[in-house]
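Reading through the structure tokens given below for one structure.
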Amino acid sequence: MISPENSELFESITSDLSEKGYSVNQNALPQHLSLQLLDQLHVMSRKEFDTAGIGRQQDHTVDNSVRTDEICWIDGSSEAGEKWLAWSSELREYLNSQLFLGLFSFESHFAHYGPGDFYKRHLDAFKGQSNRMVSIVVYLNTDWQSEDNGELVLYDDELDLEGFKVTPSLGTVVAFLSEEFPHEVLPAARDRYSIAGWFRLNGSQAGRIDPPR
Ligand code: OGA
Ligand code: MN
């Protein structure tokens, strides 16, 4: 069952994904959840963040010419993490019921970009090589000003050079098809916090359960 506070947002994400493949929603995450996630960030120490890498498992490498942020994977061990996972699971079920996507699991991390940090243009999934299907990004920055920069730029396809800029303000929720939209994070003038997550298809093979990240 979808809770009433999420219905408008989930309907908007669903119709945007089916019509254009991406969705940008301002002031969209329920405010109590945004604030709780923000509180959680404040109590987390810098030690809990690791330098972000590229690729998965044995292909994982750290390359600071591509991205310089630091991340912390979210599990249900804090109340905020638990609520976030419940929210994303509700969205996953809604997308499955409306678009028959067969989304099977979800993984997500907090990301901290210090001043000047960036993530160069990239795709979250390569066709046929990954089971990441829908990417979601949520922002946790209060009072973001245009001179703070640090926008997410979404490109419609490989040839699009202009892109579409999203301001990383508290409560903005972005969703897009992981294989279709190259995107990048521009350097910001101040600390920038986000959550990035991926809904995945079931990648289990030969009776092995789908391995985590
Ligand atoms: C990512 C990503 C975007 C953002 O982590 O893959 O593209 O705005 N993040 O934080
Ligand atoms: Mn990305």
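We count ligands from 1, going down the list as the structure has it; atoms in each ligand are counted the same way. Numbers here are sequence positions counted from 1. Computed over heavy atoms, backbone and side chain alike; hydrogens, waters and symmetry mates excluded.
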Problem - Donor-acceptor side-chain pairing of N25 and S23 below 3.5 angstrom - result: yes
Problem - Residues in contact with ligand 1, criterion: heavy atom under 4.0 Å - result: R67, H109, Y113, Y119, H122, D124, V137, Y139, L152, H183, V185, R192, S194, A196, W198
Exercise for the section: Please check if atom CD in E147 has more than 12 non-hydrogen atoms from other residues, nucleotides or ligands closer than 6.0 Å. Expected result: yes
Problem - Donor-acceptor pair, side chain of D124 and main chain of S178, under 3.5 angstrom - result: no
Practice task
Could you check if a side-chain atom of L37 sits within less than 4.5 angstrom of a side-chain atom of L41, using non-hydrogen atoms only?
Solution key: no
Handout entry: Metal site angle (apex the Mn ion (ligand 2)), NE2 from H122 and OD1 from D124, 10 degrees
Key = 90°
Practice task
Check whether the side chains of Y155 and E184 place a donor and an acceptor atom closer than 3.5 Å, and report yes or no.
Solution key: yes
Problem - Worked check of ring pair (Phe, Tyr, Trp, His ring centres under 6.0 Å) between F49 and W73 - result: CA-CA 8 Å; F49 281 86; W73 291 95; over 10 Å; no
